[in-house]
Amino acid sequence: MDGAQTLTVTTPQELLLAQGGCMTALAAATSSMGPASLLALTINSRFKISRSLTSTILFPYVIEDGAKFKSDKLAVLAKILRAAPEDADDAKAAALFADYIRQHIAKMNIPARLKELSLGIEQLSLAAEDAGETDLINALPRSMSSDDLFELIKQAY
């Protein structure tokens, strides 16, 4: 998962990537929409910026926001991905998980901030308002308003 080669893996990289893509599609199909996905949809509909790019930029900030409420679950993921040591406390593991994601974004040479998309904060506030007006906001994992979504945008800006 971290791109490191091991002696025990003899499966071709292309097959591993295809399996990873299938697992990602299965996870996306069986999970509810999160704030990054909702914002990515509204930003895409208003400004025609790729949903996957916007979601990627927002992902570490969603992890940091989620750490306030579900740090135990994020810590488990961080330890599975080896982003945090096994003995790290939950808050530290969640913070290391967000940093781990940022490092991977940087390695892929993907924009790390929303301002790199050539959009102003005022334009992004319109997308947050759009998201708050949809019925999808009621299906988020936790209760959020358009103001909460705009706070997430400001952090990622």
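As the structure is a computational prediction, the values presented were derived from the model and not from experiment. Just the heavy atoms: all of them, side chains too, but no hydrogens, waters or symmetry mates, feed the values below.
- Separation of atoms CD1 (Ile137) and OG (Ser143) is listed at 8.0 Å; rounding is to 0.5 Å.
- Applying the side-chain contact (heavy atoms from CB on, under 4.5 Å) rule to Leu96 yields the partners Ala84, Pro85, Lys92; only residues at least two apart in sequence or on another chain are considered.
- Applying the 6.0 Å contact sphere to NZ of Lys70 captures no more than 12 heavy atoms from other residues, nucleotides or ligands.
- The one candidate from Leu117, Thr42, Leu114, Leu39 that meets the side-chain contact (heavy atoms from CB on, under 4.5 Å) condition with Leu124 is Leu114.
- With a 6.0 Å radius and a threshold of 12 heavy atoms from other residues, nucleotides or ligands, Asn109 has its CG atom at or below the threshold.
- Taking CD1 from Ile43 and CG from Leu126, the interatomic distance works out to 10.5 Å, rounded to the nearest 0.5 Å.
- Contact detail for Leu140 and Met33: the closest heavy-atom pair is CD2-O, 3.4 Å.
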Candidate pair Asp130 and Thr134, rule side-chain contact (heavy atoms from CB on, under 4.5 Å), full reasoning: CA-CA 7 Å; Asp130 292 346; Thr134 67; 5.7 Å; no

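- Residue pairs meeting the salt bridge (charged side-chain N to carboxylate O under 4.0 Å, His left out) criterion with at least one member in residues 23-43, sequence neighbours excluded, do not occur.
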Criterion side-chain contact (heavy atoms from CB on, under 4.5 Å) on Ile57 and Glu116, from CA distance to verdict: CA-CA 10 Å; Ile57 293 169; Glu116 296 176 50; over 6 Å; no

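- In terms of heavy atoms, Tyr157 sits closest to Gly120 at OH-CA, 3.6 Å.
- Side-chain atoms of Arg113 come within 3.5 Å of backbone N or O of Gln155 as a donor-acceptor pair.
- Judged by the 6.0 Å distance and 45° axis criteria, Arg102 is not positioned over the aromatic ring of Phe59.
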I would like to know whether Thr56 and Ile105 meet side-chain contact (heavy atoms from CB on, under 4.5 Å); could you show each step before the answer? CA-CA 8 Å; Thr56 301; Ile105 289 171; 3.8 Å; yes

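- The nearest pair of heavy atoms linking Tyr61 to Ala112 is OH-O, 4.0 Å.
- In the hydrophobic cluster analysis, where Ile, Leu, Val, Met, Phe, Trp and Tyr join through side-chain heavy atoms closer than 4.5 angstrom, Val76 is grouped apart from Ile63.
- At distances below 3.5 Å, not a single donor-acceptor pair connects side-chain atoms of Ser55 with backbone N or O atoms of Ser52.
- If you chain together hydrophobic residues whose side chains sit under 4.5 Å apart, Ile110 and Val62 fall into the same group.
- Linking ILVMFWY residues whenever their side-chain heavy atoms come closer than 4.5 Å, directly or via other members, places Ile121 and Leu152 in the same cluster.
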